[in-house]
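Report on the following structure.
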Amino acid sequence: MSHPTDRRHFLCTAALGGLGLAGKLPLVSADDARLDPKVVRLDSEIEPLVRLIEETPRERLLEEVGGRVKKGLSYREALAALFLAGVRNVEPRPSVGFKFHAVLAVNAAHLASLASPDAERWLPIFWGLDNFKSAQAANIKDRAGWRMPPVKESSVPPARKARQALVDALEKWDAEAADVAVAGLVRTAGADEVSEVLWKYAPRDFRSIGHKIIFAANARRTLGAIGWQQHAEPVLRSLVYAMMATENKNPTGDNPVDRPGRVNRELAKTIRAEWLDGKADPAASLELLAAFRQATPDEASKACVALLNQSLSPQTIWDAIFGGAGELLMRRPGIVSLHALTTANAIRFAYETSADDETRRWLLLQAATFLTLFRGELAARKEKTDESRIDTLEPLMPKETGVKAIDEIFADVPKNNTTAARKVLGYLKTNPDPRPLTDAARRLVFQKGKDAHDYKFSSAVLEDYAHVSPEWRDRFLAASVFWLKGAGDADTSLVGRTREALKG
């Protein structure tokens, strides 16, 4: 993307709070600034900081960035550079996950930062910097040092043809054509127009257990914080490349990971026109939750359509989806079940962001379908599950009160998660404000979180607490303790390093 220099400077300084990089980083010689022509070049104002992150050894990176923060480096600049370093240096193949969590978890770290006290706001971002270096090393080892190449300019379609070219490429699973098409579209179209296309395809298949739509939602959200105009092209090229991963499963056949998305496109057309005007019904949510425990993907979608056509609200369905995802976590805490929650979070974001009525109907049905597919994935992996039910979890009053009650709850995590969950319900009965509890949960992630999933999961569920109806909120939050960090978990050394690096 090319813009006049003065306009680019205005856009960057406006998006980054008026704090550009000029004068904050050491001078870079012409030789130092020369980038490998086989590697995509980023916006010129962020490139030096991205290269600093790429080239500084892991054992010195936090200290190097900390020094620049003390000299005036802004939060947004650091966030942008972290995200773009991951996009350029970590390949989202063969499966969108694993090492690519260095990218997937950036928005979660950002959300955690926004909800943090000022004294702790840098901790999630510095964790992300260290996590990137781990992923960069894995990418060098596992993917021969893959780096995002420049777009093939001669194949980029003109503005008037870019949108249709992207749709055609996505329909045909043509990764090369999709790469140039999304580059052409993002150069002339706004964030809403581009995202509207991607919402129709990111969650169309169940490959990578939801990570495609997780990436799509997080990309849109992070670009909203760091600046769409300057940074969208490399980010969305990475996203489309990830979306086109087939994992050696034929996407044009009747594969179980593809079939529900096609079925739901037709089912979405049978939903009544006034589907958004329905009434909420907690009893119907309970019945739908019971159906989700054994329904096939097709049966789950049809049950949702039936409720909508009976003049019940979409919120009735979302409550059952989030409740069902929380219940899967209670039954078998682990990677599969936690992704049932983070995927529901991502699809819900796409659903709320889309302005296309048919896409929104389809996304709601996909969210229900994915819940059954996660249940099936647990069975396919032969992961033992119990029969815990989120709707029958009984409250247990903590022995202590106030702050000590919260300490008591997290002392039970993870050694006795069921007891901790019951105490959450008991605590919230007499303390309806969840903020002290959620603040404590976040602090424990900062202090003890070592894995990207700690950030992804905690940011998703603490956000989704507000997305479920009041009748479900306390139970949903109680289920989250089955993956949240506990007082007995080991501390991470990164907290001390970060605070030392920022000491002024």
Side-chain angles (χ1 to χ4, degrees), residues 107 157 159-173 177-178 181-206 210 212-224 228 232 235-236 239-240 242-244 251 258-278 297 300-302 304-309 311-318 321 343-371 464 467:
N107 180 65
R160 73 184 192 286
K161 295 182 178 181
R163 187 185 187 282
Q164 190 58 50
L166 178 57
V167 170
D168 291 344
L170 292 170
E171 287 285 347
K172 296 175 183 176
W173 290 80
V182 77
L185 183 61
V186 77
R187 292 176 186 182
T188 54
D192 290 341
E193 182 179 350
V194 179
S195 297
E196 205 66 75
V197 176
L198 299 176
W199 297 148
K200 298 175 188 290
Y201 293 96
R204 65 174 163 176
D205 64 298
F206 191 63
K212 294 182 180 183
I213 184 59
I214 290 171
F215 185 15
N218 288 351
R220 171 64 190 269
R221 298 179 74 161
T222 308
L223 284 168
W228 176 277
V235 172
L236 296 190
L239 169 59
V240 167
M243 287 166 52
M244 303 297 271
D258 297 297
R259 184 176 180 276
R262 296 171 186 156
V263 170
N264 285 338
R265 293 210 190 274
E266 297 305 312
L267 279 175
K269 299 174 184 177
T270 68
I271 298 172
R272 67 190 184 96
E274 299 80 13
W275 65 287
L276 292 172
D277 296 332
S301 298
K302 289 176 182 177
C304 294
V305 171
L307 290 179
L308 292 171
N309 286 340
S311 297
L312 296 182
S313 70
Q315 186 60 44
T316 300
I317 296 171
W318 280 115
I321 291 170
T343 300
N345 172 269
I347 297 179
R348 177 65 183 252
F349 175 79
Y351 169 88
E352 292 181 338
T353 306
S354 175
D356 184 277
D357 187 75
E358 187 172 328
T359 298
R360 299 187 78 213
R361 300 182 199 197
W362 178 73
L363 287 167
L364 179 58
L365 298 184
Q366 284 294 90
T369 290
F370 271 44
L371 181 61
D464 288 332
H467 286 162

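All figures in this text were calculated on a predicted structure; none of them were measured in a lab.
Scanning for ring-ring contact (aromatic ring centres under 6.0 Å, His included) contacts around Tyr201 gives an empty result, with sequence neighbours left out. For the salt bridge (charged side-chain N to carboxylate O under 4.0 Å, His left out) test, no residue two or more places apart in sequence or in another chain qualifies with Arg272. Listed by chain and number, the residues in a side-chain hydrogen bond (donor to acceptor under 3.5 Å, both in side chains) with Trp275 are Asp357 (sequence neighbours excluded). In this structure, the ring-ring contact (aromatic ring centres under 6.0 Å, His included) partners of Phe206, at least two apart in sequence or on a different chain, are Phe370, Phe374. Contacts of Trp362 classified as ring-ring contact (aromatic ring centres under 6.0 Å, His included), with partners at least two apart in sequence or in another chain: none.
Taking all atoms of both residues into account, the shortest heavy-atom contact from Thr343 to Gly210 is OG1-CA, 3.4 Å. The two residues Ser301 and Thr369 come nearest to each other via the heavy atoms OG-OG1, 2.8 Å. In terms of heavy-atom proximity, Cys304 sits nearest to Ala368 at SG-CB, 3.6 Å. Ala159 approaches Thr188 most closely through the heavy-atom pair CB-OG1, 3.6 Å.
Of the inter-residue distances, the one linking Lys302 atom NZ with Leu307 atom CG reads 14.5 Å to the nearest 0.5 angstrom. Summarising the geometry, atom CG belonging to Leu198 is positioned 8.0 Å from atom CG belonging to Leu185; distances are rounded to the nearest 0.5 Å. Between atom CG of residue Asp356 and atom OG of residue Ser195 there is a gap of 13.0 Å, rounded to the nearest 0.5 Å. To the nearest 0.5 Å, the span separating CZ on Arg361 from NZ on Lys269 amounts to 11.0 Å.
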Does the pair Arg360 and Leu276 meet the rule for a side chain to side chain contact (heavy atoms under 4.5 Å, CB included), with working shown?
CA-CA 10 Å; Arg360 299 187 78 213; Leu276 292 172; 3.8 Å; yes
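Put simply, the residue from Asn107, Thr353, Asp192 that forms a side chain to side chain donor-acceptor pair (under 3.5 Å) with Arg220 is Asp192. Residue Asn264 forms a side-chain contact (heavy atoms from CB on, under 4.5 Å) with just one option from Leu365, Leu364, Val305, and that option is Leu365.
For the residue pair Ser354 / Thr359, no side-chain donor-acceptor distance below 3.5 Å is found, with atom types taken as modelled.
A salt bridge is absent between Glu266 and Arg262; no separation between the charged side-chain nitrogens and carboxylate oxygens falls under 4.0 Å. Between Arg348 and Asp464 there is no salt bridge, since no side-chain N of the basic residue sits under 4.0 Å from a carboxylate O of the acidic one.
Counting heavy atoms from C-beta on, the side chains of Leu308 and Pro314 come closer than 4.5 Å. Inter-residue side-chain proximity for Ile213 and Gln366 is flagged as unmet; no heavy-atom pair is nearer than 4.5 Å. For the pair Leu236/Trp228, a side-chain contact is recorded, criterion being any heavy-atom separation below 4.5 Å from C-beta on. For the pair Thr222/Val235, no side-chain contact is recorded, criterion being any heavy-atom separation below 4.5 Å from C-beta on.
Using modelled atom types, one side-chain atom of Lys212 and one backbone atom of Met243 make a donor-acceptor pair closer than 3.5 Å. In this structure, the side chain of Glu358 does not engage the main chain of Arg265 through any donor-acceptor pair within 3.5 Å.
Taking the six-membered ring for Trp, Tyr351 and Trp318 have ring centres closer than 6.0 Å.
Geometric assessment of Arg204 against the ring of Trp173 yields a positive cation-pi assignment under the 6.0 Å and 45° thresholds.
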Could you give the side-chain donor-acceptor pairs of residues 163-170 under 3.5 Å, partners two or more places apart or in another chain?
unit_1: Gln164; atom_1: NE2; unit_2: Asp168; atom_2: OD1; d: 2.8

